[in-house]
Amino acid sequence: MYFGPPLAMGMFLGLFVREQVGIFGVCWLLIQCYSQAARGQFIGKVLQGTVLCGVEFTVSLFIASLAFGQGGDVFNGAANAILLA
C-alpha cells in the first residue's frame, strides 16, 4: 500500500496526529489528576475536541502558506503566531 512521499506522510503525522495525541494526553492527564466526577464520562467529548483542534491548526498553516507563500518573512511571522496561539 502506497501512502505518498515520505515528506507528505511525515507532515501528516506531525501536524495532525501529533496535535491530537498531545492535546488528548494533556486533557486526559488533567482529568485524572483533578476531577473525580469527570473520570470516564467525558473522554468521548474530549476526543472529539482534540480532532477539531488538530484540524484547525493544520488548516491555519495551510491557509497562511496559500496567502503569503512559503519562506517569506510574512509567512514566518504568521506561522510563529499560529504556533504561539
Side-chain angles (χ1 to χ4, degrees):
M1 186 178 279
Y2 181 68
F3 291 108
L7 179 62
M9 195 61 170
M11 289 179 68
F12 172 75
L13 291 174
L15 289 175
F16 188 70
V17 175
R18 177 185 54 98
E19 287 295 317
Q20 293 180 28
V21 169
I23 294 170
F24 181 77
V26 168
C27 290
W28 180 82
L29 183 66
L30 290 174
I31 288 172
Q32 295 300 316
C33 290
Y34 295 111
S35 178
Q36 295 293 330
R39 286 187 186 171
Q41 295 179 4
F42 301 109
I43 296 299
K45 299 209 184 274
V46 170
L47 186 59
Q48 292 170 359
T50 59
V51 170
L52 291 176
C53 291
V55 170
E56 184 270 330
F57 175 77
T58 305
V59 170
S60 297
L61 286 175
F62 176 67
I63 296 298
S65 71
L66 290 178
F68 304 120
Q70 292 184 349
D73 290 337
V74 177
F75 173 75
N76 290 338
N80 287 337
I82 292 168
L83 291 172
L84 289 175

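Keep in mind it's a predicted model, so treat the numbers as computed, not measured.
Between Phe24 and the options Leu29, Thr50, Val51, a side-chain contact (heavy atoms from CB on, under 4.5 Å) holds for only Thr50.
Separating the CD1 atom in Ile23 from the CG atom in Leu52 is a distance of 10.0 Å, to the nearest 0.5 Å. For the atom pair Ile63 CD1 and Phe68 CZ, the distance stands at 10.5 Å (nearest 0.5 Å).
Residues forming a side chain to side chain contact (heavy atoms under 4.5 Å, CB included) with Val21 (at least two apart in sequence, or on another chain): Val17.
Note on Val26: it clusters hydrophobically with Tyr34, by side-chain heavy-atom contacts below 4.5 Å among ILVMFWY residues. The hydrophobic cluster containing Phe75 does not contain Phe62, counting ILVMFWY residues as joined when their side-chain heavy atoms lie under 4.5 angstrom apart, directly or transitively.
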